[in-house]
Colleague: 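I'd like to ask you about the structure that follows.
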Amino acid sequence: MSTQFEDVFDNDKGWDGTLIVNAHLEAKDDAAADQVEEACKLIRTSALSDAEPGCTLFRIARAGRLFSIFEKYSGVDAVKHHLSTEVFKAVNAKGEELLAKVISIVTTIRAIMSSEFEGVFDKDEGWDGSIVINVHLEAKDDDAADKVEKVMKEVRASVLDKEKDKGCLLFHVARSGRHFTIFEKYTGADAVKNHFASEHFKAANAKGDQVLTKPPTILYYREIM
């Protein structure tokens, strides 16, 4: 949905290996948001079909008029192929009609924190079903970024240990220089609360002021598909 996608990989920026694309969309109104949801579903169907063998993951999450799309590709050529498909072009052409704005974040995945988390799910906000959390971190410098990466590896190992963090279904970490995006999926609000209460989360969060330029940007969504 419209930005300058086509030129992103034309410059030599070290886009080797697996790539993560994390797009954030904001629809103009509720009716437009419903149309965006349907359009994203069409793109997802194409991306995960035999027509796009280089796409290995495509998740869509929605919170009202806001959307987060988390995609994983085998490399630059796979992303370029995705952007060239007729389905993507057709949906992208509707961007100005439906969207208030688009922020597209592209990062190289690496196999590789303070904020008010605790009260998010205490209110009745309709948090039923699977919950997606999308976090963005910015490290103070390169050394701090390496420390963030190390911490996130440790957190991920604990999160995916079902005995330590029950209810976490997905935890992806991607890095581009000093910037990180984290895509998490939980079975529900209780699982998220359990994650925030875990010792590994508290230990990582306590280091945030030392290594981050600002508190994390954290977005919560209901997963669509």
Colleague: Could you check if a side-chain atom of Ile69 sits within less than 4.5 angstrom of a side-chain atom of Arg59, using non-hydrogen atoms only?
Modeller: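 No, every pair of side-chain atoms sits at 4.5 Å or beyond.
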Colleague: Using a 4.5 Å cut-off on heavy atoms from C-beta on, say whether the side chain of Ile218 contacts that of Ile133.
Modeller: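 They are in contact (side-chain heavy atoms under 4.5 Å apart), so the answer is yes.
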Colleague: Write down the atom of Tyr221, the atom of Ala61, and the distance for their closest heavy-atom approach.
Modeller: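 Scanning both residues completely, I find the closest heavy atoms to be CB-CB, 3.3 Å.
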Colleague: Answer whether the closest heavy-atom distance between the side chains of Phe180 and Glu149 falls below 4.5 Å.
Modeller: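 The answer is yes, as the side chains (C-beta and beyond) meet within the 4.5 Å cut-off.
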Colleague: Any side-chain heavy atom of Leu48 within less than 4.5 Å of one from Cys55?
Modeller: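 Heavy-atom side-chain distance check passes, below 4.5 Å.
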Colleague: Take Val155 and Phe171 through the test side-chain contact (heavy atoms from CB on, under 4.5 Å) and record every step on the way to the result.
Modeller: CA-CA 9 Å; Val155 171; Phe171 197 99; 3.9 Å; yes
Colleague: Same cluster for Leu57 and Leu169 if Ile/Leu/Val/Met/Phe/Trp/Tyr side chains link at under 4.5 Å?
Modeller: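 Shared cluster, no.
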Colleague: Salt-bridge test for Arg65 and Asp30: reply yes if a basic N is under 4.0 Å from a carboxylate O, no otherwise.
Modeller: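 Salt bridge: yes.
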Colleague: Between Ala47 and Phe58, which heavy-atom pair has the shortest distance, and what is it?
Modeller: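 It is CB-CD1, 3.7 Å.
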Colleague: Check whether any side-chain N or O of Ser46 sits under 3.5 Å from a backbone N or O of Ile43 as a donor-acceptor pair, and report yes or no.
Modeller: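 No, the answer is negative, given that no donor and acceptor are paired below the 3.5 Å cut-off.
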Colleague: What I want to find out is whether Asp142 reaches Lys147 closely enough, with some N-O distance under 4.0 Å, to be called a salt bridge.
Modeller: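 Salt bridge between Asp142 and Lys147, a charged N being under 4.0 Å from a carboxylate O: no.
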Colleague: Identify the heavy atoms of Leu212 and Lys140 that sit nearest to each other, and give their distance.
Modeller: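 Looking at all heavy atoms of both residues, the closest pair is O-CE, 3.1 Å.
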Colleague: Answer yes if Val159 and Phe196 sit in the same cluster of Ile, Leu, Val, Met, Phe, Trp and Tyr residues linked by side chain heavy atoms under 4.5 Å apart, and no otherwise.
Modeller: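 Yes, one cluster joins them.
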Colleague: Any Lys/Arg nitrogen of Lys166 or Asp161 sitting under 4.0 Å from an Asp/Glu carboxylate oxygen of the other?
Modeller: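 The answer is no: the pair does not qualify as a salt bridge.
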Colleague: Going by an N to O cut-off under 4.0 Å, is there a salt bridge joining Glu38 and Lys41?
Modeller: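 Salt bridge flag = yes for Lys41 with Glu38.
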Colleague: Any non-hydrogen side-chain atom of Leu25 less than 4.5 Å from a side-chain atom of Cys40?
Modeller: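 When only atoms from C-beta onward are counted, Cys40 and Leu25 do touch, with a gap below 4.5 Å.
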Colleague: Going from NZ on Lys193 to CD1 on Ile131, what distance comes out if it is rounded to the nearest 0.5 angstrom?
Modeller: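 Reported to 0.5 Å precision, the distance equals 9.5 Å.
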Colleague: Using side-chain heavy atoms (C-beta onward) and a distance below 4.5 Å, is Val135 in contact with Glu184?
Modeller: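 SC-SC contact between Val135 and Glu184 confirmed.
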Colleague: For Asp141 and Ala144, indicate whether the former's side chain and the latter's backbone hold a donor-acceptor pair under 3.5 Å.
Modeller: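 Yes; at least one donor-acceptor contact below 3.5 Å.
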Colleague: Spell out, as yes or no, whether a donor-acceptor pair under 3.5 Å connects the side chain of Lys28 to the backbone of Glu96.
Modeller: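 Yes; judged by distance alone, with no hydrogens or angles, the pair exists.
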Colleague: Take Phe183 and Val132 through the side-chain contact (heavy atoms from CB on, under 4.5 Å) test and state the conclusion after the steps.
Modeller: CA-CA 7 Å; Phe183 188 89; Val132 165; 3.6 Å; yes
Colleague: Report yes if the side chains of His179 and Leu137 come closer than 4.5 Å at any heavy-atom pair, otherwise no.
Modeller: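 No; the side chains remain at least 4.5 Å from each other.
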Colleague: Between Gly177 and Arg175, which heavy-atom pair has the shortest distance, and what is it?
Modeller: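 Taking Gly177 first and Arg175 second, the nearest heavy atoms are O-NE, 2.7 Å.
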Colleague: If you take all heavy atoms of Ala174 and Ile20, which pair is closest and at what distance?
Modeller: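 Heavy atoms of Ala174 and Ile20 come nearest at CB-CG1, 3.9 Å.
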Colleague: Distance check, rounded to the nearest 0.5 Å: Thr56 atom OG1 versus Lys72 atom NZ?
Modeller: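 With rounding to 0.5 Å, OG1 (Thr56) is 5.0 Å from NZ (Lys72).
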Colleague: Can you measure from CD1 (Ile60) to CD (Glu37) and round to the nearest 0.5 angstrom?
Modeller: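 Answer for the CD1-CD pair, Ile60 versus Glu37, is 8.0 Å.
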Colleague: Please lay out, stage by stage, how Val76 and Leu19 fare under the test side-chain contact (heavy atoms from CB on, under 4.5 Å).
Modeller: CA-CA 7 Å; Val76 171; Leu19 294 179; 3.9 Å; yes
Colleague: Going from CZ on Arg62 to CZ on Phe67, what distance comes out if it is rounded to the nearest 0.5 angstrom?
Modeller: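 One finds 4.5 Å between CZ of Arg62 and CZ of Phe67.
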Colleague: Do the rings of His195 and Tyr186 sit parallel, tilted or perpendicular, given the 30° and 60° boundaries?
Modeller: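 Answer is tilted, since the angle falls between 30° and 60°.
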Colleague: Mind checking whether Thr181 and Asn134 have side chains closer than 4.5 Å, heavy atoms only?
Modeller: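 Heavy-atom side-chain distance check passes, below 4.5 Å.
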Colleague: Of all heavy-atom pairs between Ala203 and Lys207, which one has the smallest distance, and what is that distance?
Modeller: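 Taking every non-hydrogen atom into account, O-CG, 3.6 Å.
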Colleague: When rounded to the nearest 0.5 angstrom, what distance separates CZ in Phe88 from CG in Leu83?
Modeller: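 Answer for the CZ-CG pair, Phe88 versus Leu83, is 5.0 Å.
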Colleague: Quick check for you: to the nearest 0.5 Å, what is the distance between His172 atom NE2 and Phe70 atom CZ?
Modeller: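 Going from the NE2 atom of His172 to the CZ atom of Phe70 covers 5.5 Å.
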Colleague: Pair His136, Asn22 - check side-chain contact (heavy atoms from CB on, under 4.5 Å), show working.
Modeller: CA-CA 10 Å; His136 296 285; Asn22 191 196; 3.4 Å; yes
Colleague: Using the salt bridge (charged side-chain N to carboxylate O under 4.0 Å, His left out) rule, collect all pairs that involve residues 42-58, keeping only residues at least two apart or in two chains.
Modeller: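 Every candidate salt bridge (charged side-chain N to carboxylate O under 4.0 Å, His left out) pair involving residues 42-58 fails, so no pair, neighbours aside, qualifies.
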